[in-house]
Structure formats: C-alpha cells, structure tokens
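Quick note on labels: first sequence line is chain A, next is B, and so on, each numbered from 1.
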Amino acid sequence: MIEYRIHGRGGQGSVAAAYLLAAAAFEAGFTCQAFPAFGAERRGAPVMAFVRIDDKPITLRSQVQAPDYMIVQDDTLLLDPNLINGLKPGGAMLVNSRKPTAHFAERFDTRVVAFPATELAVEVIGKPIPNTALLAAFLALTETVPQSALVAALKGRFHGPVLEKNLALIEKAAKAVEQGAWKEMADA
Amino acid sequence: MREALEGSLAIARAVALTKPDVVAAYPITPQTHIVENLSRLVADGNLHTEFVSVESEFSAASVVLGAAAAGARAYTASASQGILLMSEVMFNIAGLRVPLVMTIANRSVGAPLNIWNDQSDTMAVRDAGWIQLHCASNQEAVDTTIQAFRIAQETDLPVAVNMDGFVLTHTMEVIDMPTQEQVDKFLPPFEFAGALDPANPRSMGTLVDPSFFPEVRHSHHAALGKALAKIVEIDAAFKKVFGRAAGGLLTVEGDKKAKVGILAMGSVIGTMLAGLEHYQGEVGPARIIKLRSYRPFPAKALREAVKGLEKLVVIDRAISPGLGGLLGTEVSAVLSTLEKAPKVYNYALGLGGRDIPETMYRDLLKTIEDRKAPRFAVFDADLDKLPPEDR
Amino acid sequence: MVQITRGQWAGAGTSLDFKTGSWRSTQRPVHIHAKAPCHVSCPAGEDQQAWFALLQEHRAEEAWASLVNANPMPGVTGRVCPHPCETACNRVQVDGALAIHNVERWLGDEAVRLGWDYPVVAPADNAPTVAIVGAGPGGLSAAYHCVRLGLKAEIFEALPEAGGLLRSALPPTRLPRAALDREIDRIIALPGITLNLRQRLGRDITIDSLRERFDAVLLSPGCELPKPWSVKGAVPADLHEGLQLLRDFMDHGALPDNAKGDVIVHGGGNTAMDICRIVKRSGAKSVTLITASGLPGPNTAPDDLINVVPRELEEAREEGIEIIDHATVSRLIMKGSRVTGVEIISLKKESGKDGRKRRVEFEGTERVVSVDMVVPCVGEQVEPEAFEGYLDGAYFWPDNIYGRMAPRVFAIGDARGSRGTVAAAIGDGRLAAEAVVAELAGEIDPPADARPTMEADGLNTAYYANADRTRVLKLAVSERTFEAEIEGAISRTEALAEAQRCLSCGNCLACDNCWTMCPDNAVIKTTELATDGSHYVFDYDFCKGCGLCTQECPTGYIQSVAETN
Amino acid sequence: MAKSDTSKRLSELRMKHGRPPASPSEPKAERAATLREAQPRFRGLESGHRACQGCGEALAARLVMEGAGPDVMVANATGCLEVFTTPWPQSAWRVPWIHSLFENSAAVASGMESAMKAKGKHTKVLSFGGDGGTYDIGFQALSGMLERHHNVLYVTYDNEAYMNTGIQRSSSTPHAASTTTSPAGKERMGKRHLKKDLLSIIAAHHIPYAASASVAYPGDLQRKVRYAMGVEGPTFLVIHSPCPLGWKHDSAMTIEVARRGVQCGLFPLVELERGALTNIMPIREPRPVADYLELQGRFAHLFNKNDYRAQEELDHLQALADHNIETYGLRGEGLDPVDSTGAGHVRRGGPLAGRS
C-alpha cells in the first residue's frame, strides 16, 4: 500500500487532486482510497487530502499520518517546518514552487523536487490551478501509475476544451521533471 | 461496474437507480454532496423525480412523509442537527408506518459545534421506530440504500441508512455500481397499501387514547421484530441478483476463533480489520463483529456471534452522558441472558471526528488485558487537556 | 363494526358511529310553522305570506289560487281594504311594509284578465244547500266558500243587482264598477250558486221559511239604517245623512246646493272620508272632517287610530280636506231651519273603571265654526225589519267568531256589529261556511288554527336585502274626477319584485341557511330545490343543540325548544 | 388523463361520498340508501365529529370541503380540527386525510403534492391548520411551501388562540383579548400585543392568490375556495372561525359574532393576487367594534365602566378597525349585493334558486 498526503490551500484543488490521483490509480488497476481532512476552513486556509493505493482491498480509514509521498501545492505552506512530519524515511516530496529544487533540498532532509506548476497552468490553461500539472509531474517521477491512467481519470472528470487544455498541461508537466526519478522507491 | 467514486456520488447514483418519485432535502454538512449530486442528476436530465429543496430538515422529513403517504417512493438525507430537527417528524413517520428511506451522513451533535463524524445523531433517534442500518464501506452503503427501499415497502417502516460522514461520504473508493437492469430486477415498483387515495379515502394519523395506545406500540415493536427476518431475506435476495450481500443483520469477521472480540458499527470496522492484520502478532487476534442492523436490534444473532468470546470490546461512536455507551449498554443487556457471557468493555471512540488510527486495535486489546480496565471510557480522550476537576 | 387497524388510520366517515346527538342537553331545534302577522291581522283570513311565497317563485296563478282559498274577491279588497296586513307587516322594522294590497289587486285583475279558474269543483247534486241573505261581499264570500267546501248556495238579494255596499257606497274612484262586476260575475257563475234578486226578507221570504227549506241560513243583510246622530240643538230640515248622500250622489251625480260652501262632515270611517272628497271635488269652499279618533302618528294607539284606508287619508289631505281629530260635534247653530255653524268640543277615548273605552269630553274646549252644511256620517245599523229575535239592539252581536246565532243560522259582515270592513265580511262568509260544514258533519266548530304568531323579534333581519316598497302611481289631485280610479295598477314586474320583499315570517324560505351553517352536518336536505321547508330534516342523532340554526334562521321557522330526552 | 376518465372518476367519488350541487348536465345519481346519502352536496366532513356545540372551525372546514371536494387530499396540522375529527377508530373525513404534526402540515402537503406531480395525478392537495399551526409554529413550513410554489391550497382556521390546549394566546389573538396566557387582571388588559398581519406576510410571497373569509359569509367563503381550487400554484385562505368556548359567546351566536367581526372592520375580507389587493368585501355600514366585542366574554373586561383603561382599549380596537377600513378601502358605496350586508342576503329556494 502506498500512502499519499496532499497539502494545499482551500481553492487550489487539493481534494480534487487526491480524487484524481485515486481515480488514475484505479484506471491503472489498483484499488484506491482518497479523502480530505475536511475542515471548517475557507478559501486560502491550509488543507490536506489523503490517498491510498494498493493492489488489494483497503480497509484502513484513518488519516494518513505517515505518507510515502507528499505533494505540496503551495510552497508557502512549508514555512511551517512541521508540515513534513510523518513523511516516511526515504519518502519524497513534490513542491509547487518557482524556487529551485535546491532551495528545499537544503531545508528538508528528504528527497524533494520543486516544480512551477502554477506558472505552467497559467501558461497552458490560463488559470492558476496547479493540481493537474503537479499530478502529472508526480506520476512522471514515480511511474507507479502511467500517464495514460491520469488521462483516463481526467476524461472521467472533464469534457471539451477544459479537458483538452488539461491534457496539454499534463503533457507539458510530465516532461518538466525527470522521468522515473522516484521509481525504485515506489517499487520498494 | 466497478468505478472509483466518492461515496456521496455513489449514493446519489444508487438512489437514482431506485427511481424515487420525490426527493426532499435540506443541505447540511456532511450530507451535502449527496443532495448536490442528486440535484445535478436531475438538472442534467438523468433523474426524473420531484426534487424538493425545502427550507429545513423538518420540512424535508415532512415532505417525504407526505409524499410517501400519498403513494410515492420518497427519499431524503440529512445529518447531525438536521436529524435532531427532524426527530419529531421521524417519530411520526415511523408511528404512521410510512415506508421511505433516508441516508444519515453521521455527524456529531453540538454544542460545541462540530461538523465531523461520529454517530451521535442516529443514536439520538434510536427510539423513533425506524429501521436503522449501518454501513462500513461505501459499497455497503450503496447496496444497503438499494435494499432499504425494498425493506421499507415490505415492512411498511421507514429505513435510515447510516454512513459515517466524511469518512465514507467524502471518500473516493472503488465501488461496484449496480446497473439499472439489476436494480429493476431486485426492486419492485413502489407500493404502499395504506397510501392516501381518493378512491379509498382513509384518515391517517388519528388520535389514539389510552384504550388503544399500548396495543399500537406493541404492534410497532412487533413490526420491527418481524423486520429482522426481512432484512436477512432481502439481503439474500440482493445477493442473488448482485452477487454480493451487504451484511445481513451482522457479520463476523477477523479471527472467528479468537476469544476476544470487537463489536462496532460503521466505518471503524475497516480500521479494526486493518489493525488486526497489522497488530495481531503483538496483541493477539480478535473476532470483529460488524453490526449492521442497529434497529431492529438482532439480539439472537448477536448471542450467536459472541459464542466462545471471553471479552468483548464494544465501540460506541457516540456517548450518552451520565450512562456511557448506548450500543455497549444494549449489547450488555442482550448478552446478560447468556450463561457464559463475555465481559463487555464499552469504549467511545472518535467522537466529533477524532481520527481513529490503526493503532487503536492494539491499544484497545492491550487495555482490556488489564483486569482493572474500565468498563466504559471515552477511550481516546486526552484528559490532560481538561481542567483537573473534569478528568 | 370497528375495523381492526393499527391505530394509524380510520375509515372514511366512520364518525357516523358516534352519535353526537347524545350531547344535546338543553335545547333542540324544531320546525314551527308560525303565522305571519299579515295573516293574523287579515280580517278576510288570507295567508299573504303563503301566496307571496308562491309569487316569489313567479307562480302567480298558484298564488292567486292560494289567496282565493280565503278571499274570492282580491280585485275588490285590493282596492278598498284598509289593509291591516300592511300595518302588521314585520317588514316595517326593516324598510317599510310590503305593498300587499297592490299585489293583491294585481293578482285579482290578472285572474280576471287571464280567466284563471277558481279552485273549486261543482258540488254534488244532492249536496246540502245553504240559504244566504244578502249579496254583499259577506254573502258572496259565504256562497263561494260553501261551494268551495262542497255545499250548494242560494242567495236572496233584495236589490236588482248583487254587490251590496260595494256597489252602493264605494265611489268608482276607489272601486271602478268594471272591476267589481267582473269579480262578482265570476263568483255567481260558479256551479252550485243560485242568485235570487229582488227577494227582500220580510217581504218575499222569512228566516223561518229559509230554515225550513235549507240546510243552513246565513244572514248578511249589511247595515242600511243610519245610526241616530246625538247632537244638541235643532236638527236642520235639509239634513243629509252621509251614506244616503253618497248613494244619492252615485245614483244622480249631484249634490245639494249648500255643499258648495263650507262643509263639515262628522264621522271617522271610509264613508265619511269618501263624502269629504266628493264634496270637495264638487266645488265646496272648504271641507272639514270632525272625528273622535286620532290621526296616524308615533303616539297614536292602534285602537285610537282613525279607521280609514291609510292612502285615502293621505289622498284626502292632498286634496285639501281639513281634519280635526279627537273632537266631536256637540251642538248645531241654526239660523231658522238652516244650519249656520257647529260647536265643536275636544274629546278622547279613555279607559274607564271597567277597562272599556269611553269618550270623555273636555269642558272648556268648545269652539264654534260657521258652516253651510253639516253631514253626519256616524255609521249605520241593521234594518231591524224581519230579524226579530236575532238582533241584540242595533246588531246581531254573535258571541262566537263563526257568527252562529242559532243552530245552522249564522250572521255575517257589518250586521254582526263588530265589523266594519269588506274584508271582515268576506272573512265572516268563510268562517260561517266552514262552521256550517262542521255543524252538518256533527261537529261543533271547525278545527282552530293554534299556530303562534311570528313577531319581528323572532326574525333574523340580517338576511334580508334592503328593497324599497314599490311606488304606485296615482292621479294628481288636479286630474282626479268622480270616475277615474285614483290609485294606479302595478305591473307584473313590480308585483314580482314586491313579492321578493316578503320576509316569509314564521315560514321556511328554503334559503339553505340551516343546511349551510350547521357545524355538525345535522341538517339534512332531501332534495336539491324546494321552497317550503319540508325538505330539511333535523338529524337528531347528530344535532348537538348548539342553537345556531335557530339563531340564523331568517324567518323564525326554526325554533329551539327544551330538550326532553 | 382524458377528460372523460376524469369526469367518470369524479362522478364515482360523488356517488360514494355525496356530491356537490349537480350541474344541469350531470346525470341523476342513483337512488341513495339514506336521506343523508341523498344530500345534494359533497360530504367531505361527516357528522359525528366531536367539535364543541356551535364550533366555527367545524363549520368552516365543512364549507371548505364542500367547495373543494371530492378530488382532494388533506394534510391537517395538530389542533382542534384534527382531534375532533379523528378520534380513533373513527374519522369524520371522506377524503384522503393525514395528520402528522403541529408545525408541518404545509410541508406534508408539499410532499403529497410532489407525489401527485411525480405520479401525473391531478388530485388537489389541501393543507389545514389553525392559527397556532399557521401564524406561529407552522409558519416556516408554510412560507417554504409558498416559496416553492407547490400547487396546494392552504387553509387556516383562525380562531385566534390555541384552543386545543385550552385557550392560550397566539400571535393571531387580537389585542386586548383575555386568554389563559394573556388573562385580564389588575395589571393587564388581556393580550398586550397586536394580532399578526399574516395576510400581508403571505402576500409578500407573491403567490397567485390569498384571501380572507369568514364563516358568516358561506357563499363568499366557498367562492374563494372554488377560485383557489382553480389556481395552479400555492393559494392561501384564512377563515375567521369563532370559538364559542374560547371567545366565550353563546354557541348559537357563532355566525353573528363572525358577521360583526367583519362588519366592524376588525376582520377584513380581502383577496390578493400576486401580492396585490384585487378585491374586498365592502362594509356597507361599519358597526362600532363594541358591537362585536360585547358578545364575547374574552373582551368582557373592556366593558368595565369603572376602569378608564377599558375605554382606552376599546378606543384602541376601534382605531385598529378604522385603520383596516382605511388601509383596505373597505368603506362601501351604497347598496352592493356583495358587500358585508348584501352578501348575507338569502332568497327563497336558497343560493341555487333560479339557476337553470
């Protein structure tokens, strides 16, 4: 079982990202589970969402305390040094940031990749919603779930121009990171 | 067809498959996604129903009461304060023996205000006279929802389908969604012999004085008693069509030979099963009893399920202040007729959405190893957070 | 049979098993047909409410048939009757009495115009035959009612024409001859009535012979003989008694010369009033009526009121007749054999020790008025000839309402002494005929009508629409002649509209109020449309005795009586 | 449903439970077994109910049922009407009828109407409540029902207090009326507050039709019922229904009291369409409010000659009546057959006489 934790701010689509990731995993033949740590927070407040994928039924329903991977949709969240708590040793973190990866690698004792997903989203779909770009990059890094599964998941969620733009976006995002960089870990 | 679906969407689609005539609802967290999805189905022309967006839960319950009384298949959903606001109507629906279905997206009841999951809402209306079924997964919730419509119309009783708020309603997971053909095969068109009809104008809801009231109550009690068999029968019928059952009155899982048991309702069962897998090496195996039918309370099946157990942890997802756990108390009472009844430890867990981690399995079993373990506790409460006099 | 249910529901209308009638403890509603005051006050015995009820439904012929069950001469009484019914009418309390007499006259005229048949069948050939003395209104009514009740009637009239005082004493301005003749002709043409003219009692026949020949004898000779005029001083040689003066005028069309000057008429009846108006119309300088009675006014007691047709009084005053009420002529002042003045004294009828009214003259109120002519018109009495043994003083004075004087002998009309109107004579004719029938059948009296009278306070007037009394045209004073009828006729539309004003006192209007307003559905209506109340039934199984129907019944037909169960 | 099917069904219902006055074209019903059954009206509310003697509400409900039946179903709020018509195992109703709770009849009716819509049926749904169940506790459900535009006729039987529980004041109780929770005493002259102007609130919902009626004018009342029955969408009728027990008047005086209530202006009879005043019953001769109040024991304290406050309250109520007359323009102009005097007038043969 692989466990994921997605951090974001209300309005950035963290829950949607979790659902997309789970749906993509399902398309790839896994069982999946995705749910938000739903709060009473409003737009802009820090939020979390969780994803589990496995190749057998998932019964566990607690929040993900010790994720294998973290996706951080907003680098300002990392101003809180405790955000990374629970990340498994040998885990990895993808951060949406214009800052270079090195900036985070210096501060956090884990594998980290920084990727300007918001900018890419603005460029491709015209909206500062980083979640699909991040997911595409994330899948490219781990290769646990093929990009085609994300495409299938997106097709289940969007239609028409929105879908087209998102497909273009994930195409670009997947190419912006090192393909399979975290693969061996996912396989572990 | 297997799909990765959010629980609320799955429920909305399951409800749509039953072709309800009237749906009435008032939004409340965490039920909102269900009615939003139903509204979306209606708006997109995928569900032909009278969708009544009422001005309160009180009216939501009243609308489905009126609709069902008038011969319509009716559905509503609510949670928490909404259930309490409905409670007067809920007693009424059941007392009038009107068949309809409601989803309860279980949530705590304020004050203090808390929007997260526990089962205080449904426990507060446990005496309303409804059939109350609990689901441990979204698959069970979908299947139970479809079954509930048939149970309702075959028993002339309202059915509440409980699913934990957020933990199930907002969780996407893999669900085998029934097809329309399957549902049509399983669920006959709505029929209510007592429906209001100008051709046979009956008066429903009469005034009953002491000369007959005990008989009415007896009759209602007996009706719920008879519903036990119906629930089992309909679950079996469901299995024939869909290839899977939804849990009958209760199911025994985990290690069936274990001397220690854990009994619970709802999604916590999954976490306990995960814990069993993870920690049985450390604290030993446990028999996990998943109670699906809270009302009617399956006393006989329960006595059967606990055979051979020495200790039984009953997890309550609610509390009756001044007493403790309601489920635990009721289980104790039911088991008290057994010659060799297991010792019951009743712990309230996860109140107000407190996360129940996998380690809870280990912690529970470890605790009851101690002979002086408390028979009731709000198990995961950190008493250090309270003023000393409250601990 | 209680259906076994679980208590959630009950069957439709099963409350009928619960008889709420047992809750009635103090009162229950009942239907009581009371007499309307018009009916009670009608000397002829007409039930105006009954025929107005029919007229409200535009059933004019049936209304007339109902009317002539009591009075065969509505065309006459509708013109000459002082209509006490209108005085008694409860509608006075709302917006004025019904114009009953106008509608009655219209019905009478319609019957003649359209040839409606009297609701009688020819008596059997061997039916008992009743002798009737006098073919005035009383005699004619008696003959008609005899036939109506299955008897035959044979009338003996001294004069060459039937009609009595209708013909001799009523000016055509009030009763056109044509109207009179039409109705009399229709009555005497009825099968079973024989009219013998120029047969004078005492000369051609006697009561004893009639009693021998006939099964009963009804006496309606009228009053022909002027009552003595009690006045002090010498009586002028050329004194003209009122009724005689009227007859002379109607026969010859002329009045004595002194009638051109200042004339005083002494009396208080319709004849006096007729004389006043004829004299005035003939060119008298002034005409003054001296009467002991009172004029209409808020404080005038009913028994003090001048006994004339109200509209006649009104018309007379329009025509310039002066009236001095509560006064009498106490003395005549003569210059030679001619009267030159009268002394008048005020008086009033006061109750004496025995409770009976008597006239009290007030000393010191005497005044003298100069006149050219005085006409006494103080009433008439029975010509005593041939009535030996039956008269009590001037009149018959029977001691019962049927006028029975002896076995199978009855007195009718003015001659009874207590009457004074055409309508009363007509009523006497009916009463006597009914009494004859009873007596021939071996019973003493006909069954009495014991119904109570519905007074205005028994009505709920909230339910009656305001509607002004029909305005009836009459000739302007300048156009009044000796022949033309003064009061005009009303149209069918007006008659039907006037009928709608009838309050139906004491009798069901079929308005549906009780049926509509019973909170307990305990008034059952058995047919959709009906008019007489027989279609409403109280269902005492459910009536709780709230009294609402009684309260809201417009006519007082529903009354609450003490619960006896 | 085809027209002939509908009329066949209606005629069957009429045969079964009495019928409304026959139209000329309607075939004659078969001979009924009893006089009661032969009555020429629809007996929606049957005898044997257990209302007090002279109950205005029972009368009003009976009139409404006659005007509305037979193809209707009723949701009835808790209250006198519900209790006195359906003591198990009996019911006085001859239409499908349901009682659920005090405050939800409008919502239950909403559900029934939705069911009819869903099923493609045309049975009209009525919702009944007293003033307590309408002005007060059921107001929210009513407002929701109106806003959602359900095709429901809501009828409130306004007897101006909680009569079922023993004459406690409601927001519909008139100013200065003495009730068991607003008793007149040394310190108080009955209810201190005003009668809620419910109709204005209803009107603000912009519904197709809202009206007030009185048991004193059954013809007007039934006309309004029939009109509302013909409207597609929410309609509202408030019926002034005197309560002999609670208002403390003789049971025979129910109609008279109601009539005076209208004629003095304290209970204006008005009709509103889409919130706009479209019709009123003019008052031919406004009566002094004292004429209305003096019949009722609940206002007896206003006739205490030795209490200056009594006159003050009488004047206050008069001012309220005058205000109604002014606000709704109730003053009549001459004789009007449908004004507060003319509307009561009867004719021989009843209201149907002369109808061909």
Between chain D and each of [options], count heavy-atom pairs under 4.5 Å; write down the option with the most.
options	result
B:A67, B:A70, B:S62	B:S62
B:A195, B:S56, B:A24, B:G95	B:S56
B:V64, B:I93, B:V89, B:T49	B:V89

Looking only at heavy atoms, which two atoms of [X] and [Y] are closest? And how far apart?
X	Y	value
B:D197	D:P96	C-CG, 3.3 Å
B:P198	D:D71	CG-OD1, 3.7 Å
B:S203	D:W93	OG-CB, 3.7 Å

With a 4.5 Å limit on heavy-atom distance, are the side chains of D:V108 and B:V63 in contact?
no
Note, D:W88 side chain near B:D209 side chain (heavy atom, < 4.5 Å)
no
Could you grab the distance from atom [atom1] of [X] to atom [atom2] of [Y], nearest 0.5 Å is fine?
X	Y	atom1	atom2	value
D:S110	B:E55	OG	CD	7.5 Å
B:D21	D:K117	CG	NZ	13.5 Å
D:M112	B:L65	CE	CG	9.0 Å
D:M73	B:M204	CE	CE	10.5 Å
B:E88	D:F102	CD	CZ	10.0 Å

Given the rule in the side-chain contact (heavy atoms from CB on, under 4.5 Å) test, do D:V74 and B:L196 qualify, once you have shown the distances and angles that lead to the verdict?
CA-CA 9 Å; D:V74 177; B:L196 298 171; over 6 Å; no
Below 4.5 Å from any heavy atom of chain B, which atoms of D:E113 appear? Answer side chain, backbone, both or neither.
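When you check distances to chain B, no heavy atom of D:E113 falls under 4.5 Å.
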So B:F58 and D:L101, side-chain contact (heavy atoms from CB on, under 4.5 Å) or not? Walk me through it.
CA-CA 11 Å; B:F58 193 90; D:L101 295 167; 3.7 Å; yes
Sort B:V98 into side chain, backbone, both or neither according to what part of it lies under 4.5 angstrom from a heavy atom of chain D.
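The answer is neither part of B:V98.
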Which region of B:S53, side chain (C-beta onward) or backbone (N, CA, C, O), has a non-hydrogen atom less than 4.5 Å from a non-hydrogen atom of chain D, or is it both or neither?
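For B:S53, the backbone is the part near chain D, not the side chain.
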Just checking heavy atoms, which of residues 135-153 of chain D are less than 4.5 Å from chain B?
D:Q140, D:A141, D:G144, D:R148, D:H150
Residues, nucleotides or ligands: over 12 heavy atoms within 6.0 Å of B:R40 CZ
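Incorrect, the count does not exceed 12.
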Is B:E215 atom CD crowded by more than 12 heavy atoms from other residues, nucleotides or ligands, each under 6.0 Å away?
yes
Report yes or no: does B:N92 contribute a side-chain atom to a donor-acceptor pair with the main-chain N or O of D:S100 at less than 3.5 Å?
yes
Between D:K119 and B:A72, is there a donor-acceptor pair closer than 3.5 Å when you use the side chain of the first and the backbone of the second?
no
Do B:T206 and D:T86 have side-chain atoms, one donor and one acceptor, less than 3.5 Å apart?
no
